[in-house]
Structure formats: structure tokens, C-alpha cells
Amino acid sequence: DDKKKYKGYTSTSRRLEFLSVRALLAELLGKEAKIVYNKNNKPFLRDGSRFISISHSHKLTAILCSTTEKVGIDLEYMSSNIGSFAFKFINRKEKVTKDPDTRKYHLYLHWCAKEALYKICDKEGISFRKNLTIEPFEVKDAGEIRGYVHTRKINDSFDLFYSRYDNYAIVWTKKN
């Protein structure tokens, strides 16, 4: 199945992402660990031994797994002018710094936090702007933030942890 899926990718970068995920998973859990996907393309381990979340951006791949808790992780290489499309994912309850030295990082943390929430919830129809809210927080190199998911089916809060690595923003969360 993996070979068939790999051959279906025409882009070299997508093929490298695919291979890096499997190499990292083999390093973490052994070569017998296999990934399968549900109808929403959320990854699972075939044997069901752990909850798993995967992210890749630019030249990094991250896998977060747990035997007891649901997990969500996102990492993003901070390259684009994220401010030009922030209106698509920032809602009016959220506060983003106006300081030009930290604004880009702050926006990427919001984006990554919302991606991590989306991944942990595994629900269709979640709007980043309407259903996901990040509490205001002071931007540091690493820290903790609070996020909320409000839909007809979910009304929950999450602790999210973030850090900066080179030019990447990384956010992850876990929940029983």
C-alpha cells in the first residue's frame, strides 16, 4: 500500500514528506509500525497501539504519539506574509500583537495552534475562524496557550504548548 501511495505522488517534495514520516515512525516505534488513514485523511497506526499526529513543513517532519491521550501537532516554516491572509483564520475575540518584530511569529502560532486543535478533534466542518479560538497570550520563544473548540458537537478547551525552532513555529496539544 505504501509503495502504491508513494508512486501516486508526482511532486518530489511530497514524496520526501511521505518517506520522512515513515522513516521517523520506524525510528520511534520500529519498522513494523504502519500508518493507515480514515475517510478524513487522519493518520492512525494500523495496530491501534497509539494515538498519532503528523506534521511536515519545508524540511522538517514531526510525529507526536501517545498510548493514553489524543494528540495534535503542527509545525510551520515561517516564510510567507501570513498577515495578508490572517483574516481567514483570526476571529475578533483573538488578539495579535502589533509589534512588527513578533507579529509574524504570533500569527504562525495562532495558525499552528488551530491546526493542532483541528487534528486532535478529527471532526469535519470545523472552521478555523468560527469554531477555533486562541486566548490572548504573550509571545515568547516557548510557552503555553489556551485554545477552545466550539461546534454543535464539541465544546471543549485545550492546553497547547508552543516553541520556536530556527524559523519554525511548533504547537502541540494532548487530551484524554
side-chain contact (heavy atoms from CB on, under 4.5 Å) between L117 and I134, worked out:
CA-CA 10 Å; L117 290 173; I134 306 303; 4.0 Å; yes
Applying a strict under-4.5 Å side-chain criterion to I, L, V, M, F, W and Y, I'd like to know whether [X] and [Y] cluster together.
X    : Y    : result
I170 : V71  : yes
L25  : L19  : no
I90  : V139 : yes
M78  : W111 : yes

Hey, does the side chain of [X] reach the backbone of [Y] with a donor-acceptor pair shorter than 3.5 angstrom?
X    : Y    : result
Y105 : D141 : yes
R146 : E135 : no
N91  : R129 : yes
S66  : F51  : no
N131 : H150 : yes
K114 : L132 : yes
K119 : S53  : no
R103 : T97  : yes

Separation of [Y] [atom2] from [X] [atom1] (nearest 0.5 Å):
X    : Y    : atom1 : atom2 : value
I120 : I154 : CD1   : CD1   : 10.0 Å
E115 : Y118 : CD    : OH    : 8.5 Å
R50  : L64  : CZ    : CG    : 12.0 Å
W172 : F158 : CH2   : CZ    : 13.5 Å
C121 : D156 : SG    : CG    : 7.0 Å
H58  : E17  : NE2   : CD    : 11.5 Å

Using the rule given for side-chain contact (heavy atoms from CB on, under 4.5 Å), can you reason through Y165 versus L60, listing the C-alpha separation, both sets of side-chain angles and the distance that settles it, and then say yes or no?
CA-CA 10 Å; Y165 175 77; L60 284 186; 3.6 Å; yes
What verdict does the ring-ring contact (aromatic ring centres under 6.0 Å, His included) test give for Y162 and H106, after you've listed the backbone C-alpha separation in whole Å, the side-chain angles of each residue and the deciding distance to 0.1 Å?
CA-CA 11 Å; Y162 71 89; H106 202 178; 8.7 Å; no
For the residue pair R14 and F18, would you count it as a cation-pi contact if the rule is NZ or CZ under 6.0 angstrom from the ring centre and within 45 degrees of the ring axis?
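No, R14 and F18 do not form such a contact.
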Cation-pi between K93 and Y148: NZ/CZ under 6.0 Å from ring centre and within 45° of the ring axis?
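Cation-pi check for K93 and Y148: fails.
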In terms of heavy-atom contacts, does [atom1] of [X] have more than 12 from other residues, nucleotides or ligands at under 6.0 Å?
X    : atom1 : result
E138 : CD    : no
K70  : NZ    : no
E27  : CD    : no

Centroid-to-centroid, H110 to F137, below 6.0 Å?
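Ring-ring flag for H110/F137: true, centres closer than 6.0 Å.
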Using the side-chain contact (heavy atoms from CB on, under 4.5 Å) rule, take Y168 and K59 through it: C-alpha gap first, then chi angles, then the decisive distance, then the call.
CA-CA 10 Å; Y168 292 87; K59 296 183 179 184; 3.8 Å; yes
Salt bridge (charged side-chain N to carboxylate O under 4.0 Å, His left out) assessment of D1 paired with K34
CA-CA 10 Å; D1 287 343; K34 298 291 181 216; over 6 Å; no
Full working for side-chain contact (heavy atoms from CB on, under 4.5 Å) between I35 and I54
CA-CA 11 Å; I35 299 172; I54 298 168; 3.8 Å; yes
Among L109, D74, V171, I73, which one satisfies side chain to side chain contact (heavy atoms under 4.5 Å, CB included) with L160?
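Going through the options one by one, the only one that passes is V171.
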